[in-house]
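The structure appears below as structure tokens.
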Amino acid sequence: MKTYKEEIAELLAPHVGLPASEIRDALTLPQHDGHGHFSFPCFPLAKRLRKAPPVIAQELATAIPAQGEIEKIEPLNGYLNFFINESDFARRTLSLIAAQGANYGATDRGNGKTVVIDYSSPNMGKELAFHHLRGTMIGNSLSRLYRHAGFQVVRINHLGDWGTSYGKLIVMFLREGLRESDLEGMSIERLNALYKAFENAAREDATLEDQARETFQQLEAGHARYQGLWAAFRDITLHELQRIYGFLNVQFDHYTGEAFFVAHMPKTLAELESKGLMTRSQGADIVDLTAHNMPPVLLRKSDGATLYITRDIAAAVYRKENYAFDRCLYIVDNGQSLHFQQLNKVLELMGYAWHKEVEHVPFGLVLIKGEDGGWEKGKTRSGQSSLLKDVITAAQEKILGIINEKNPDAKDKETLARQIGVGALVFSELKNRRLNDIRFEWDKALSFEGDSGPYVQNAHVRLCSILRKSAERFGKSEPDHPAAGSLDGIDFGKFPEPQAQTLIRSLSLFADRIRNAIDANDPCPIAQYALEIAEGTHSFLHVCRALGSAEEKERLFLVDCARIVLGQALAMIGVPPIESM
RNA sequence: GCACCCGUAGCUCAGUGGAUAGAGCAGCGGUUUUCUAAACCGUUGGCCCCAGGUUCGAAUCCUGGCGGGUGCACCA
């Protein structure tokens, strides 16, 4: 079935002398009530036709009769505004949602192309810090959006599980007299404490840093005992990571971290050398990028150990060879833009034309209000940082208090509180554009009114609640889902209220918003869209009571459609689409 | 110094080539016998950092400033 834009474009084409596809892309959605459903700006035609835009609009309006579902064509301010019959618009929009259900908004835009998305990628031996949430949820959201748009998505957690840090961990493990038998049931907190203990001890004993470097070198060279310890540390880390990812409903296809690529190092270094890119400088192996106005890339330290960019080069080649990606996205904070510029340049110099498909998707900092009232970066390396699990727990506790106050009979309040807390935190990070630094404030992030996670969740809850109550009248335990049934007997003319029309119009825009999000590699448009649907829902429900009304059948149908779309939008940004709260 | 990013209402932010620049919070005033008031409605509040340029049209694109954040050789 043709879209309205396509129909309008074909209608216009013979009159404006442009191909229909070009007209279709030029059509805009009016911002103001009373300007119709679609607009055609006549300004670009003015020069060729040697007429003023308002005149062109007037002439087109006279020449083209309203027809079919197009009820009215009006010129205004140089625009040609198209008004669709509201009843037809409602039928078309809602029946499409009903027919497609969870697939609503899906496209075949990706056409089976493969996109690799690298996100979250925390360091081994440490817990997820609060600032990891943003990149994790951006990557999670983009994964879902790309999949919905017809891409094959490969989700990769490029764990920071290699480097001198793990020499430190091993040194400290042994220094504290621990043995392999102590690894059983060792917690991530204990592991993290070892790391901190090292930092403290190293301030007293300067030789420790050297020991760590040496230990790591031996680890890289294949030292059996060290490798065993390393593997155990990794297991402990993964176990905890997956617990937290479970709270966030985040998954990965591969946990191929840096260590995975250690075996590729000789091949990668040989390739760089044979291509004449590797030079020696100050005892280290580097790629000199002065010709490209960049600092040198350090491939191998003077002690022979490789660095993370070396492993990133190997990883990019591996991913191209094994996943045949059409795009490879790195969801990593903006502070690493130089690293990715260098990575890209090295791949280019290696002769890989596909370096253009490798893209850094940076995001801004999450700043936390410090004790002195200033904004501070959440820190891990210097010790002071909020752990993500602590932030989630704190959110959960605060929300639990609100549930006890508002809905004391709710079941499984702990889980519910966590889902609302996660929703609040995630929404507060994704509702802003990706590159903006975020000033995180507890009260605002956990606010349960206004532009917030609980606000959008609450709209979903209200929709679900109506469908539940509808079923309960007939003693059914499962909620009604009228959109899953027949359209027979639905009168799409029964949505005369402006609130209903606004909501229906918003519901029609899902695919456009997904396109916006993918074009920008940013979940923000979907978070804003969820807000728009939630607002539309709350306003509609305020004026239109469904159950027991003369329009019950129609309104329940709209309620179910709104539930489907809002539920999908929430799922796309990683806000739990809960059904009661 | 160089590089990446940001600058829109008192505060936090949407809008990123189209018409009269929008929300939330804060302020003021209303709405509940009714499906979740975690809601709704009204109202106050703008040289869209500055200056040039491109364009029929710029908050949006380009150039140059100013202000702020972040990064730049042996950590990841």
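Because the structure is a prediction, the values reported are computed rather than measured. In what follows, chains are A, B, ... by sequence order, proteins preceding strands, each numbered from 1.
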Point to revise | Identified pairing partner of B:A3, criterion: Watson-Crick or G-U wobble below 3.5 Å | key: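 Check on B:A3: paired to B:U70, both distances under 3.5 Å.
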
Exercise for review: Determine, answering yes or no, if A:His32 is stacked on B:U20 under the 5.5 Å centre rule and the 30° plane rule.
Suggested key: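 Yes, A:His32 stacks on the base of B:U20.
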
**Study point:** Rounded distance in Å - NE2 (A:His538) to P (B:C41)
**Key:**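 In whole Å, B:C41 P and A:His538 NE2 are 10 Å from each other.
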
Answer with base, sugar-phosphate or nothing: what part of the nucleic acid does [X] contact at a heavy-atom distance below 4.0 Å?
{"X": "A:Pro295", "answer": "sugar-phosphate"}
{"X": "A:Asn516", "answer": "nothing"}
{"X": "A:Arg545", "answer": "base"}
{"X": "A:Glu535", "answer": "sugar-phosphate"}
{"X": "A:Leu298", "answer": "base"}
{"X": "A:Pro44", "answer": "base"}
{"X": "A:Ala46", "answer": "nothing"}
{"X": "A:His339", "answer": "nothing"}
{"X": "A:Ile286", "answer": "base"}
{"X": "A:Ser302", "answer": "base"}
{"X": "A:Cys544", "answer": "base"}
{"X": "A:Met581", "answer": "base"}
{"X": "A:Pro30", "answer": "base"}
{"X": "A:Ser447", "answer": "nothing"}

Review point. Checking only heavy atoms, does the side chain of A:Asp285 share a donor-acceptor pair with the base of B:A73 at less than 3.5 Å?
Key: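 Counting by modelled atom types and ignoring angles, no donor-acceptor contact under 3.5 Å is found here.
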
Point to revise | Any donor-acceptor N/O pair under 3.5 Å between B:A19 base and A:Ser39 side chain | key: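 Indeed there is one.
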
Review point. Looking only at atom P, what distance separates B:C5 and B:C75, rounded to whole Å?
Key: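 Their P atoms lie roughly 28 Å apart.
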
Review point. Which value, in whole Å, describes the distance between the C1' atoms of nucleotides B:G29 and B:C6?
Key: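 37 Å, rounded to whole Å.
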
Practice item. Report the residue (A:Ser539 or A:Arg468) whose heavy-atom-nearest nucleotide on RNA chain B is the more 5′ of the two. Key: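 Here A:Arg468 is the residue nearer the 5' end.
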
Practice item. Between A:Gln31 and A:Ile399, name the one whose nearest nucleotide on RNA chain B is closer to the 5' end. Key: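 Upstream on the strand: A:Gln31.
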
